[in-house]
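I'd like to ask you about the structure that follows.
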Amino acid sequence: MTDPFALDDDIPDPFQPAPRRGGPAPVPADAPWLIGLNPEQHQAVTTTEGPVLVLSGAGTGKTRVLTSRLAQILAGRRAQPWQILAVTFTNKAAREMKNRVAHMVGPVAEQLWLGTFHSLCVRILRRHAEAVGLKSNFTILDADDQLRLLKQVMEAEHIDNKKWPAQSLMGAIQRWKDRGLTPDKIGADLAGDLAGGRAGQLYRLYQERLRTLNAADFGDLLLHCLTLFLSHPDALAHYQEQFRYILVDEYQDTNVAQYLWLRLLAQKHKNICCVGDDDQSIYSWRGAEVGNILKFERDFPGAAVVRLESNYRSTPHILAAASALIANNADRLGKTLRPGLKHEASEIEKVRVRGVWDGPEEARVVIEEIETLQRRGESAASMAILVRAGFQTREFEERLITTGIPYRVIGGPRFYERQEIRDALAYLRLINSPDDGLAFERIVNLPKRGLGDAALQAVHAVARARAFPLFEAARLLVETDELKPKPRGALSKFCDDVLRWRSLLDDLPHPELAEMVLDESGYVEMWKNDKTPEAPGRVENLKELVRALSDYENLQSFLEHVALVMENDQRDGVDKVTIMTLHGAKGLEFDNIFLPGWEEGVFPHQRAMDEGGNAGLEEERRLAYVGLTRARKRVLVTFAANRRIYNQWQSALPSRFLDELPAGHVEVQAERGLMGSWSQPAKPKGPGAWAIAPKERTSDFDVGERVFHQKFGGGTVLAVDGDKLEINFDKAGTKKVLDSFVEPA
DNA sequence: ACAGTCGGTTTTTTT
DNA sequence: AACCGACTGT
């Protein structure tokens with residue numbers, strides 16, 4: 001066995017610049033990255049020693065501070081690039097930071113330890129895999145494989161998957177991992193009655209299965225890293241020594257495991273700089289703990305705290321609207337955003353709010369506005385539609401297609417999640433890692449080789465009996481007469497093929513190998529013979545996959561990229577409107593922002609409130625804050641009075657967040673009667689002016705009266721609450737609607 | 001072994 | 001409505 005602590009990768013290679021001598025050097029005050037910083041930014045950049053917490057509001061130049069700080073440390077000869085750890089939350093942020101630093105300090109930026117938590121953990125784990133029970137070429141499973149594996153475990157344990165869906169147990173396991181909890185830490189108190197009280201045991205079995213498959217899921221990457229650090233003090237000491245400076249982006253989004261990871265690594269030098277904004281914490285559902293910000297000063301006594309409050313992005317109206325909204329959250333550190341830019345008064349528009357009848361009309365209104373802006377010279381690329389949930393994109397897409405406006409959906413079906421790509425990857429995974437049983441199962445009978453349930457069962461039986469990986473079990477099985485001749489021959493051929501491909505791994509360039517595999521396996525052929533309309537596209541995607549392979553040194557690094565960088569950044573030069581979720585928009589900015597679907601239940605999302613209570617509502621509000629602060633010049637917020645959900649029409653009430661926008665900075669344009677009590681002209685009277693009307697206004701309808709509603713048809717009034725009616729519709733059941741939507745029948 | 005049908009569920013956000 | 005998974009018949 002190789003020494004798990006071999007760290008020879010860290011020895012500087014001859015291509016790196018000679019180590020700087022003579023310790024820190026002064027950085028000239030006119031260094032390019034210091035020019036134009038405001039005093040707070042300057043302080044955040046130049047306070048390189050000791051712990052620093054930067055509370056950075058939206059649009060206050062956070063990325064600039066981080067990159068300048070990196071440049072400052074490097075130019076001040078305070079550390080070699082590989083002694084600096086810079087952690088981001090997304091791959092996009094990592095890439096941008098790397099580019100910007102490279103621009104300032106040149107190619108040494110390549111040597112920084114800069115990346116997402118997950119990619120940095122993989123980098124460490126590849127070297128110490130044995131220490132946590134894996135081999136260095138371990139596979140990183142995606143969500144799909146994770147669930148598949150857990151289902152297998154649960155099935156083997158005879159857990160009724162109707163009563164205990166694998167999905168919810170998966171969620172629990174992930175949250176445990178987010179908190180740094182290994183199976184031995186899961187007591188009855190944590191497991192609860194999940195999976196009949198056997199959740200802890202199932203978690204353990206799942207982890208065991210992962211190890212046998214030489215695989216790790218996303219959460220494992222951090223968890224194993226923590227295990228490594230805690231069980232191998234020499235490894236921890238090595239990295240503590242190495243990372244003289246640590247920088248963390250989006251600190252408010254770190255979960256407990258990530259927090260522990262950082263805290264361990266920072267113990268030696270304590271030069272850790274965390275940048276975050278509690279008002280933009282929107283990932284608590286994924287285990288993020290805003291509390292990590294609060295703990296910072298406790299864990300690192302004497303930490304310098306810098307507040308960045310000058311906003312260089314949005315107009316005063318937008319800032320005022322966002323600030324007033326977020327002020328409704330009780331649980332926050334409190335920051336005040338100040339306009340940092342000069343704006344031409346004539347150019348400044350108020351935030352606009354518009355109510356419409358239903359979803360399709362909302363799409364029409366938004367796209368009309370897009371066209372208007374385009375006529376005024378705004379580019380499509382300057383506009384983004386930010387939705388709460390993925391399903392909302394459809395109506396806008398449809399409308400954009402009919403209008404012929406180019407658009408792109410970020411976060412839609414991703415390239416590496418497509419069926420054909422995952423199948424092709426399974427072939428490559430099996431070649432790369434013989435232990436990858438999930439890959440084996442996925443492709444052993446794809447294309448159809450006449451290997452069905454019976455054959456697969458037999459393979460499983462052998463694997464279990466001998467504690468072999470599935471692939472090895474299959475090889476053994478075909479030497480026996482266990483299988484009928486036909487399946488036996490097919491399986492034998494399959495095994496021979498895989499072995500042959502694997503033997504070529506070192507000799508053939510990997511793109512050629514991939515091409516050969518896809519060809520000889522008959523996989524491409526399968527799609528070429530497929531008559532469905534999407535088949536040609538799939539063949540194209542496979543070609544693209546082979547092409548993408550050539551961008552990577554070897555198969556292993558490609559597979560890793562696929563697992564960690566699940567994004568499709570179609571940043572072609574074409575001028576396109578962007579559609580994405582609010583979560584996806586964090587960190588981005590656009591001149592023109594559209595915020596549709598501001599209705600109770602949609603936004604704030606019902607489930608967020610049901611499951612998260614008031615904390616859930618506050619997180620939704622932060623999401624709204626993130627949405628508003630993406631805009632530089634214009635915001636259009638819309639809501640629809642009726643929405644089709646599960647193919648059922650439902651009436652909706654305007655989002656409470658609308659009430660929280662300050663009247664003086666908002667302009668309301670609603671169609672007659674659609675706003676309910678929100679009728680224009682509203683009398684602006686400071687914040688809250690939009691509040692749903694005084695209860696004095698009572699509907700003209702009476703209980704028991706027959707009414708007619710455009711979408712729901714006829715019904716009987718059950719109750720009257722101000723201008724809201726509860727109506728028992730003959731067809732659609734009981735619903736609450738505003739009285740302006742119904743007429744006497 | 002596999003295709004076709006039936007019935008139940010789905011829509012929160014993602015490294 | 002549309003998709004998925006389990007079941008059934010060939």
Side chain of A:Arg388 only, heavy atoms from C-beta on: which candidate in B:dT15, B:dA1, B:dT13 is closest? B:dT13
Show me the protein contacts with nucleotides 1-10 of chain C, counting only N or O atoms at under 3.5 Å.
from: C:dA1; atom 1: O5'; to: A:Asn647; atom 2: ND2; distance (Å): 3.1

Do A:Asp610 and A:Gln606 pair up side chain to side chain, a donor and an acceptor below 3.5 Å, judged on atom types alone? yes
Ring stacking, A:Tyr283 with base of B:dT14, under 5.5 Å and under 30°? no
Is there a donor in the side chain of A:Gln280 and an acceptor in the side chain of A:Tyr625, or the other way round, less than 3.5 Å apart? no
Under-4.0 Å side-chain N/O to phosphate OP1/OP2 contact, A:Thr90 with B:dT14: no
Which part of the nucleic acid does A:Glu611 contact within heavy-atom distance under 4.0 Å: base, sugar-phosphate only, or nothing? base
Position toward the 5' end of DNA chain B (nearest nucleotide), A:Thr88 or A:Ala454: A:Ala454
Using whole Å, report how far CG of A:Leu141 lies from P of B:dT14. 21 Å
Whole Å only: how far is the CZ atom of A:Phe391 from the P atom of B:dT11? 10 Å
Can you name the atoms? Protein N/O to nucleotides 2-4 of chain B N/O, anything below 3.5 Å, with the distance.
from: B:dC2; atom 1: OP2; to: A:Asn445; atom 2: ND2; distance (Å): 3.1

Specify the separation, in whole Å, of atom CD1 of A:Ile410 and atom P of B:dT15. 12 Å
Classify the ring geometry between A:Phe494 and A:Phe440 as parallel (under 30°), tilted (30 to 60°) or perpendicular (over 60°). perpendicular
Between A:Gln650 (CD) and B:dT11 (P), how many Å, whole number? 16 Å
Please state how far atom CZ in A:Arg644 lies from atom C1' in B:dT11, giving the value in whole angstrom units. 14 Å
Using the ring of A:Phe89 (Phe, Tyr or Trp, six-membered ring only), decide whether A:Lys586 places NZ or CZ under 6.0 Å from its centre and within 45 degrees of its axis. yes
Reading DNA chain B from 5' onward, which residue's closest nucleotide shows up sooner: A:Glu619 or A:Ala455? A:Ala455
Could you tell me if A:Arg408 and A:Thr578 have a donor-acceptor pair between their side chains, going purely by distance under 3.5 Å? yes
Between A:Gln152 and A:Glu441, is there a side-chain donor-acceptor contact under 3.5 Å, judged purely by atom types and distance? yes
Rounded off to whole Å, could you give me the NE2-to-C1' distance for the A:His605 and B:dT11 pair? 6 Å
For A:Tyr239 and A:Phe243, take the angle between the two ring planes, folded into 0 to 90°, and tell me which bin it lands in: parallel under 30, tilted 30 to 60, perpendicular over 60. parallel
Is the ring centre of A:Phe89 under 5.5 Å from the base ring centre of B:dT15, and are the two planes under 30° apart, so that they stack? no
Which residue is it: A:Leu247, A:Val248, A:Leu112, A:Leu120? I am looking for the one with a side chain to side chain contact (heavy atoms under 4.5 Å, CB included) to A:Leu85. A:Leu120
For A:Gly390, answer base if it contacts any base atom (sugar-phosphate contacts may also be present), sugar-phosphate if it contacts only those atoms, and nothing otherwise; contact means non-hydrogen atoms under 4.0 Å. sugar-phosphate
Does a donor on one side chain sit under 3.5 Å from an acceptor on the other, for A:Asp217 and A:Tyr206? yes
Separation of atom CZ in A:Arg175 from atom P in B:dT13, rounded to whole Å: 16 Å
Please check if the side chain of A:Arg211 supplies one atom and the backbone of A:Gln207 the other of a donor-acceptor pair under 3.5 Å. no
Spacing between A:Glu620 atom CD and B:dT13 atom C1', to the nearest angstrom: 8 Å
When the P atoms of C:dC4 and B:dT13 are compared, how many Å lie between them, rounded to an integer? 16 Å
